[in-house]
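The structure under discussion appears below in the form of structure tokens.
Each ligand, and each atom within it, is numbered from 1 in the order the structure gives.
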Amino acid sequence: MNIILIGPPGVGKGTEAKRLASLFHIPHISTGDMFRAMFDEETELAKIAKAHINRGELVPDDLTNKMVKERLLEKDAQQGFLFDGYPRNIVQAKALDEFLNSRGEHMDAILYIDADVDLLSARIAGRRVCKSCGNVYHIQYKKPKVEGICDACHGELYQRKDDMEDTVRRRLHIYHDVTAPIIDYYKDLQAFHAIDGSGNIEETHEKVMNVIV
Ligand code: AMP
């Protein structure tokens, strides 16, 4: 099963991605997580990625596409994959198509989850992430049992720098300018499904399952 999840920041892509990846036994490939995992490295890619991410801008396409291609060649991605946060624009969408075509593969599901901008801003502002395992919480909608501590691994929860208010506005703006056009690119494909992400986690999951199984 090859799945792409598309949607603005804060729509619940990451949470849904983890569930689908586990259900279908495919790796959850989040380009955002891959870049963040490099933050402490001293490589050129890490430095460039960090600078762009902290400004709320996209990491350059050539670097992103190269990283993704290498990831798709890894053993665990040979029976399918789930992309969360990739492709983010037409250049990336075309690069992915070319790569899959060259392997005689195609996308099985392109899931576009969307919600109102004000709702997204509120969700992102309250988001907290575990420093150790990356689990995501929300100060209102998905509280940890103990404030500031991850339920799963007891790691410390923090607010991503790019989840702070000014950067969030820039990310939502970039999303609408740059990422939304890939909906036009995909929307006529049979694999494409638009899903309303304004409900809670369970409601969104149910809607996703209705269209893919
Ligand atoms: P995310 O965790 O998906 O919200 O991504 C966080 C940040 O990582 C984005 O705001 C971008 O700066 C960068 N990023 C993630 N995925 C991509 C991508 N496909 N292309 C370029 N930059 C990306």
In chain-and-number order, ligand 1 lies under 4.0 Å from a heavy atom of each of Thr31, Gly32, Phe35, Arg36, Ile53, Glu57, Leu58, Val59, Thr64, Gly85, Tyr86, Arg88, Gln92, Arg160, Asp162, Arg171
Passes side chain to side chain contact (heavy atoms under 4.5 Å, CB included), Val208 versus Leu5? Steps please.
CA-CA 10 Å; Val208 167; Leu5 278 186; 5.5 Å; no
Closest non-hydrogen contact found for Ile26 with Gln79 is CG2-O, 4.0 Å
Could you tell me if Asn54 and His52 have a donor-acceptor pair between their side chains, going purely by distance under 3.5 Å? no
Contacts of Lys66 meeting side chain to side chain contact (heavy atoms under 4.5 Å, CB included) (sequence neighbours excluded), chain-then-number -> Glu70
Donor-acceptor under 3.5 Å (Gln78 side chain, Glu74 main chain): yes
| Is the NZ or CZ atom of Lys50 both under 6.0 Å from the centre of the six-membered ring of Phe39 and within 45° of that ring's axis? | yes
